[in-house]
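Everything below concerns the one structure shown next.
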Amino acid sequence: MESGQTFRFKSFNDGYQGVALGKEIFIKQEDDKIEISSSDSLAGADFNRYFSLDIDYKKIKKQLSLDPTLEEIVEFAPGIRVMRQPVFETLITFIISQNNNIPRISGIVERLCDNFGEDKGGYRDFPTAGVLSELSPEDLAPIRAGFRDKYIIDAAIKWTDGIVREEFLKTAPLDSARDMLMKIKGVGPKVADCVLLFSANRLETFPKDVWIKRAMESLFPDGLPECAREYAGIAQQYIFHYARNRQII
DNA sequence: CGCCAGGCTTCTA
DNA sequence: TAGAAGCATGGC
């Protein structure tokens with residue numbers, strides 16, 4: 001929940017609270033048991049898929065751990081999973097993420113939802129592309145996204161116009177999918193890869209941000225180990241978290 | 001005050 | 001085609 005893939009969850013009691021798939025949920029973990037609860041009906045929302053609880057991470061971690069350095073990195077925070085969030089929401093949140101820090105990303109996303117998301121009775125859903133595509137940069141001023149406001153609007157317009165299509169992103173050759181995303185102003189290789197990894201379930205994509213570049217230089221100067229190729233994106237999340245948190249603890 | 005943040009666009013050579 | 005400047009905002 002704190003690995004920088006998703007930005008609407010807050011620490012709450014002994015778990016996390018946030019809005020996902022149009023529902024306000026509370027999630028907590030005790031040992032291997034993960035519990036999701038809500039005051040809403042969860043009908044129609046597939047949180048096993050959202051949190052990738054249907055994926056065999058024991059098998060994936062075993063394969064990554066064939067490399068001894070990766071084994072240590074995985075063991076540092078073995079509960080991390082790559083989520084499968086809605087594509088449009090992931091696209092917008094990672095446009096906001098550029099040249100930004102995680103706390104401020106969360107703040108901008110929160111204001112975006114508060115101002116333009118559908119009121120579900122006490123909380124707000126993530127805004128639709130249709131709503132965002134009609135806005136001007138001045139309309140977005142309250143969310144204080146800075147220069148990213150025009151990128152958000154361009155992404156929403158290209159989404160509603162069908163220039164960026166979810167099904168294509170999930171099924172087309174990886175390079176074609178990236179090119180489609182990079183037609184959006186403000187979307188470059190890093191944001192495109194994050195969308196493909198965190199929502200389109202393209203586990204072989206390996207987003208390279210400043211943290212990953214620094215971590216790769218010191219941990220894997222010869223590149224990512226061969227055993228991690230199939231699940232490079234999952235390895236990326238373990239490496240990202242390790243790089244950011246290891247020294248501090 | 002200056003530097004940096006899950007980068008990208010634009011300008012320059 | 002590579003490299004640097006500029007970009008909104010906010011925390012430190």
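Quick note on labels: first sequence line is chain A, next is B, and so on, each numbered from 1. Just the heavy atoms: all of them, side chains too, but no hydrogens, waters or symmetry mates, feed the values below. Just so you know, these numbers come straight off a predicted model, no measurement behind them.
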Value in whole Å for how far the P atom of dC8(B) lies from CZ of Phe94(A) = 12 Å

Within this structure, what is the NZ-to-C1' distance between Lys150(A) and dG7(B), rounded to whole angstrom?
-> 13 Å

Lys10(A)/Glu110(A) salt bridge by N-O under 4.0 Å criterion = yes

Rounding to a whole Å, what distance do you find between Ile152(A):CD1 and dC8(B):P?
-> 15 Å

Sequence neighbours excluded, the answer for ring-ring contact (aromatic ring centres under 6.0 Å, His included) partners of Phe116(A) is none

Ion pair present between Lys158(A) and Asp154(A), side-chain N to carboxylate O less than 4.0 angstrom?
-> yes

Pull out every residue in residues 98-110 of chain A that has a heavy atom closer than 4.0 Å to any atom of DNA chain C, ordered by number, or say none.
-> Asn99(A), Arg104(A)

Assign Thr93(A) to base, sugar-phosphate, or nothing according to its heavy-atom contacts below 4.0 angstrom with the strands shown.
-> nothing

What residues in residues 134-145 of chain A put a non-hydrogen atom under 4.0 Å from any atom of DNA chain B?
-> none

side-chain hydrogen bond (donor to acceptor under 3.5 Å, both in side chains) partners of residues 139-149 of chain A, not counting sequence neighbours, each pair once = Ser136(A)-Asp139(A)

For Ile27(A), the other hydrophobic cluster members (4.5 Å side-chain criterion, sorted by chain and number) are Met1(A), Phe9(A), Tyr16(A), Leu21(A), Ile25(A), Ile34(A), Ile36(A), Leu42(A), Phe47(A), Tyr50(A), Phe51(A), Leu53(A), Met83(A)

Contacts of type ring-ring contact (aromatic ring centres under 6.0 Å, His included), residue Phe7(A), not counting sequence neighbours = Phe94(A)

Considering only atom P, compute the distance from dG10(C) to dC8(B) and round it to an integer number of Å.
-> 22 Å

Return the set of residues passing side chain to side chain donor-acceptor pair (under 3.5 Å) with Ser37(A) (not counting sequence neighbours), or none when no residue passes.
-> none

Provide, to the nearest angstrom, the distance between the CZ atom belonging to Arg148(A) and the P atom belonging to dA5(B).
-> 13 Å

What residues join Phe12(A) in its hydrophobic cluster, counting side-chain heavy atom gaps under 4.5 Å, either direct or through other members?
-> Phe26(A)

Quick one: do Glu30(A) and Lys33(A) make a salt bridge, cutoff under 4.0 Å?
-> no

Rounded off to whole Å, could you give me the NZ-to-C1' distance for the Lys208(A) and dC8(B) pair?
-> 16 Å

Residues Asp114(A), Arg124(A): salt bridge by 4.0 Å N-O rule | no

Can you list the residues that meet the ring-ring contact (aromatic ring centres under 6.0 Å, His included) rule with Phe147(A), with sequence neighbours excluded?
-> none

Is any NZ, NE, NH1 or NH2 atom of the basic residue among Asp54(A) and Arg49(A) found under 4.0 Å from an Asp or Glu carboxylate oxygen of the other?
-> no

With sequence neighbours excluded, what pairs up with Phe88(A) under the ring-ring contact (aromatic ring centres under 6.0 Å, His included) test?
-> Trp159(A)

Under 3.5 Å between N/O atoms: give me all the protein pairs with nucleotides 9-11 of chain B, atom names plus distance.
from   : atom 1 : to        : atom 2 : distance (Å)
dT9(B) : OP1    : Gly186(A) : N      : 3.2

Along DNA chain C, first and last positions that approach a heavy atom of chain A under 4.0 Å | dC7(C) to dG10(C)

